[in-house]
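Reading through the structure tokens given below for one structure.
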Amino acid sequence: MTQPERRTRRSSEAHRALSLFLEAVRTRESVEALAVTTEDGLLVAGAGKHDLEWMGSVGASSKRATLTWNERTLHVQRFTVNQVQMYLTSTDKKVDPGPVQAGLERILGGS
């Protein structure tokens, strides 16, 4: 018996699929914003109404687990996708990077 499809919004375009995925994570985790960046601060994808590029860049460059930005507490966690070091920066609270890593690997066709 096949599992019913959980995703109600999807896209065959990787960038759009990443954005939809992170929006679902953001909603589920009840945070205002999420940004995934590379080690050098380049935005891979994000969700929320903050300046995601800047927020992600600050998170990746800080090398700290928590920091204050625009009167918000940011939580920063490292993980690896396809041998690329990435950073998950979230507002309000720490978000488990495991499901985010698995989703990015699925969408980007990684191992």
Side-chain angles (χ1 to χ4, degrees):
M1 187 160 114
T2 61
Q3 293 274 342
E5 178 60 51
R6 295 173 303 138
R7 296 170 283 167
T8 57
R9 298 177 67 203
R10 52 190 318 171
S11 175
S12 60
E13 297 173 21
H15 188 266
R16 178 80 176 132
L18 288 170
S19 295
L20 290 171
F21 169 69
L22 287 179
E23 181 60 32
V25 172
R26 186 193 71 75
T27 300
R28 183 180 67 241
E29 295 292 330
S30 299
V31 295
E32 286 188 358
L34 290 170
V36 175
T37 54
T38 59
E39 192 167 22
D40 55 2
L42 295 175
L43 184 69
V44 174
K49 296 189 180 202
H50 292 290
D51 183 342
L52 300 172
E53 287 186 56
W54 190 251
M55 184 182 102
S57 178
V58 167
S61 67
S62 75
K63 309 297 185 208
R64 296 174 49 199
T66 59
L67 64 139
T68 301
W69 173 75
N70 281 356
E71 300 179 14
R72 293 272 187 247
T73 299
L74 298 183
H75 299 270
V76 184
Q77 299 176 83
R78 293 184 337 185
F79 62 96
T80 303
V81 173
N82 297 335
Q83 301 176 339
V84 176
Q85 187 73 54
M86 294 194 183
Y87 290 82
L88 171 63
T89 303
S90 58
T91 58
D92 312 318
K93 68 179 188 176
K94 185 176 176 180
V95 173
D96 181 4
V100 174
Q101 178 183 12
L104 266 67
E105 288 173 346
R106 178 181 45 79
I107 293 167
L108 298 174
S111 54

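Residue indices begin at 1 and follow the sequence shown. Just so it is clear, the model here is predicted, and its values are computed rather than measured. The figures here come from the full heavy-atom set of this structure, side chains too, leaving out hydrogens, waters and symmetry mates.
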Roughly how far, to the nearest 0.5 Å, is [atom2] of [Y] from [atom1] of [X]?
X: H15; Y: L20; atom1: NE2; atom2: CG; result: 10.5 Å
X: L88; Y: K94; atom1: CG; atom2: NZ; result: 10.5 Å
X: T66; Y: H75; atom1: OG1; atom2: NE2; result: 6.5 Å
X: E29; Y: K93; atom1: CD; atom2: NZ; result: 5.0 Å

Worksheet entry | Residues in side chain to side chain donor-acceptor pair (under 3.5 Å) contact with R72, at least two apart in sequence or another chain |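 In terms of side chain to side chain donor-acceptor pair (under 3.5 Å), with neighbours along the sequence ignored, R72 is linked to E32.
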Fill in: Pairing residues for S61 by the side chain to side chain donor-acceptor pair (under 3.5 Å) criterion, not counting sequence neighbours
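Checked S61 against side chain to side chain donor-acceptor pair (under 3.5 Å); zero matches.
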List the atom of [X], the atom of [Y], and the distance in Å for their closest heavy-atom pair.
X: F21; Y: P99; result: CZ-O, 3.4 Å
X: M86; Y: V81; result: CE-CB, 4.1 Å
X: T89; Y: G59; result: OG1-CA, 3.6 Å

Item to complete: Please confirm whether the backbone N or O of G98 pairs with a side-chain atom of D96, one donor and one acceptor, at under 3.5 Å?
Response: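 Yes: the side chain of D96 pairs with the backbone of G98.
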Worksheet entry | R26 side chain to A33 backbone, donor-acceptor under 3.5 Å |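 Answer holds: no.
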Practice prompt. May I ask whether V95 and V76 are part of the same hydrophobic cluster, defined by side-chain heavy atoms of I, L, V, M, F, W, Y residues being less than 4.5 angstrom apart, directly or through others?
Written response: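 Result: no, two separate clusters.
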Practice prompt. With L22 as reference, evaluate T27, L52, V100 under the side-chain contact (heavy atoms from CB on, under 4.5 Å) test and give the passing residue.
Written response: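 Between L22 and the candidates, side-chain contact (heavy atoms from CB on, under 4.5 Å) is satisfied uniquely by V100.
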Discussion item. Give me each pair satisfying salt bridge (Lys or Arg N to Asp or Glu O under 4.0 Å) with a member in residues 43-64, each pair once, sequence neighbours excluded.
Written reply: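 Residue pairs passing salt bridge (Lys or Arg N to Asp or Glu O under 4.0 Å), neighbours aside: none found.
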Item to complete: Please list, chain by chain and in numerical order, all residues satisfying side-chain contact (heavy atoms from CB on, under 4.5 Å) with W69, sequence neighbours excluded.
Response: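 Testing W69 for side-chain contact (heavy atoms from CB on, under 4.5 Å), a comparison that skips the adjacent residues, returns H50, W54, M55, V58, L74.
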Worksheet item: Given side chains that start at C-beta, do those of V25 and V31 come closer than 4.5 Å, heavy atoms only?
Response: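 Not in contact.
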Taking only distance into account, with no hydrogens and no angle test, what donor-acceptor pairs under 3.5 Å do side-chain atoms of residues 34-46 form with protein atoms, sequence neighbours excluded?
unit_1	atom_1	unit_2	atom_2	d
T37	OG1	G56	O	3.4
T38	OG1	D40	OD1	2.3
T38	OG1	L42	N	3.2

